[in-house]
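Values in this document were obtained by computation on a predicted structure and should not be read as measured data.
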Amino acid sequence: TILLKKSYTLVKDSGFSIYNIDSTVIAQEPTLSPYRDAMRENLASCMDIHVKDINIKFTTSEGLGCIGEGKAIAAVCVVLIG
């Protein structure tokens, strides 16, 4: 949350607003989908954005690489600002 809050401050101080967020978490394990709502609420509270404007998806790397071996987790995020 430290990096997220700093990034949000940079966006806000530059005169922009966040309209929506679409993110994907890539992890072989653990299963994170039961935590989707809590994750969305935490993100919303950090960035003063409505929960409905945050989408989080989960996928695996099909057993490939360090993510597939359960040694790492990756996240990709696209944010619409204006």
Side-chain angles (χ1 to χ4, degrees):
T1 58
I2 293 169
L3 178 60
L4 177 62
K5 288 177 181 179
K6 177 67 175 170
S7 299
Y8 174 66
T9 299
L10 290 171
V11 169
K12 189 172 64 172
D13 289 350
S14 296
F16 294 99
S17 297
I18 296 176
Y19 290 111
N20 62 46
I21 298 170
D22 183 46
S23 58
T24 303
V25 178
I26 308 159
Q28 203 65 32
E29 56 184 39
T31 301
L32 297 171
S33 56
Y35 305 100
R36 179 188 330 264
D37 291 338
M39 293 170 75
R40 290 176 66 217
E41 290 172 13
N42 286 335
L43 289 171
S45 69
C46 286
M47 295 180 290
D48 194 29
I49 185 173
H50 198 280
V51 173
K52 70 175 180 60
D53 296 323
I54 300 173
N55 183 45
I56 303 176
K57 301 179 293 287
F58 303 99
T59 191
T60 66
S61 65
E62 304 298 332
L64 300 174
C66 59
I67 295 172
E69 294 171 1
K71 297 178 182 176
I73 294 175
V76 180
C77 184
V78 176
V79 180
L80 177 62
I81 61 173

Can you name the closest pair of heavy atoms from Val79 and Cys77 and give their distance? CG2-SG, 3.7 Å
I'd like to check Ile26 versus Val76 (side-chain heavy atoms, cut-off strictly below 4.5 Å). Are they in contact? yes
Nearest-0.5 Å distance, SG of residue Cys46 to NZ of residue Lys6: 15.0 Å
Whether Thr24 side chain and Phe58 backbone form a donor-acceptor pair below 3.5 Å: no
Just how far is it from atom CD of Glu29 to atom CD1 of Ile67, taken to the nearest 0.5 Å? 12.5 Å
For side chain to side chain contact (heavy atoms under 4.5 Å, CB included), just list the numbers for Glu41 and Ile54, CA-CA rounded to whole Å, side-chain angles, deciding distance to a tenth of an Å, and then say yes or no. CA-CA 9 Å; Glu41 290 172 13; Ile54 300 173; over 6 Å; no
Atom CG of Leu10 with >12 non-hydrogen neighbours under 6.0 angstrom: yes
Would you name the heavy atoms of Leu32 and Val25 that are closest together and state the gap between them? CD1-CG1, 3.7 Å
Point-to-point distance, once rounded to the nearest 0.5 Å, from NZ of Lys57 to OG of Ser33: 14.0 Å
Please answer whether the main-chain N or O of Thr60 pairs with a side-chain N or O of Gln28 as donor and acceptor at a distance below 3.5 Å. no
Could you tell me whether the side chain of Ser23 and the main chain of Asn55 form a donor-acceptor pair under 3.5 Å? yes
Beyond-backbone contact of Tyr19 with Ile81, side-chain heavy atoms, under 4.5 angstrom: no
Min side-chain heavy-atom separation Lys12-Tyr8 under 4.5 Å: yes
Ala27 versus Ile73, closest heavy-atom pair with distance: CB-CG1, 3.8 Å
Without swapping roles, check the side chain of Arg36 against the backbone of Ile56 for a donor-acceptor pair under 3.5 Å. yes
Residues Ile21, Ile18; criterion side chain to side chain contact (heavy atoms under 4.5 Å, CB included); working and verdict: CA-CA 8 Å; Ile21 298 170; Ile18 296 176; 4.0 Å; yes
If we only count heavy atoms from C-beta on, is the Val11 to Met47 side-chain gap below 4.5 Å? no
